[in-house]
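Convention: sequence-line order gives letters A, B, ...; per-chain numbering from 1. Just the heavy atoms: all of them, side chains too, but no hydrogens, waters or symmetry mates, feed the values below.
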Amino acid sequence: MNIQLFPNWFKKISLFGIVVFNFLSGGDAFLSGFKAGSITNDPDKKVTIKTTFFTDFFGSETLRYFSILSILFLILYTLSKEKIEDDYIRHLRLQSYQLAFLIIIVIALLFSIFNLQYKYDINDTMTNFLVLYIIIFAIKKRLV
Amino acid sequence: MKNLIKVERARHNITQAELAEKIGISRQTVQAIETNKFNPSVTLALKMAKFFNVSVEYLFILTENEN
């Protein structure tokens, strides 16, 4: 079954969408971390600064939609065809999906075993899986 | 499975990229087949044999334990 529904040029559009919407949805977190880091470099010292620049500008509901859009663009990227689609590329894609799935399952299991109190929500899981798949596929394509 | 793609490529004096372009596959695929990392489909094997004007049995050879 071939699930690569979109042509290759969709990759460029989706890459642009991923960068823009990730930047917008994660902007406040980045600014908070950047400001806290510029106050002290001591990792033992806990500095909490909450920046709401992007939230004030767009509103929290819009930012939530931005994060959903960034995931949708990630999905679009994974469903776009390569320049040349052939048996080997499909074989590599399948291997990459399998490996990414296995890694995510192992991480989830480790969190469960060690009862780690980290907020690992479904958005993180989706993003991690898709990003992991894209990285593995890109490496496999180059390591022939 | 062994193959003689590299030999035939040298005989026809073409690069992996040129072969890939002529039969409509990626260069990585040619490389993977040549290094025995990937067994091509029947369609692709036939295409390659036709391109080099040889038989599939000549181009792709089963090894001892596969026979």
Common cluster, A/Ile18/A/Phe6, ILVMFWY with side-chain heavy-atom separation under 4.5 Å: yes
Path from A/Leu76 to A/Val20 over hydrophobic side-chain contacts below 4.5 Å: yes
Pairwise side-chain contact, B/Pro40 with A/Asp87, heavy-atom cut-off 4.5 Å (strictly under): no
Distance in Å, B/Ser26 OG paired with A/Lys83 NZ, rounded so as to fall on 0.5 Å steps: 12.0 Å
From B/Gln28 atom CD to A/Leu143 atom CG, the distance as rounded to the nearest 0.5 Å: 11.0 Å
Rounded distance [0.5 Å steps], OG in B/Ser41 versus NE2 in A/His91: 12.5 Å
Hphob cluster co-occupancy, A/Leu69 + A/Leu79, side-chain heavy atoms under 4.5 angstrom: yes
Separation between OG1 of B/Thr43 and CG of A/Asp86, rounded to the nearest 0.5 Å: 12.0 Å
ILVMFWY cluster, B/Leu19 and B/Val56 together (side-chain gap under 4.5 Å): yes
Rounded distance [0.5 Å steps], OH in A/Tyr88 versus CG in B/Leu44: 13.0 Å
Cluster check B/Phe38, A/Leu94: I/L/V/M/F/W/Y, side chain < 4.5 angstrom: no
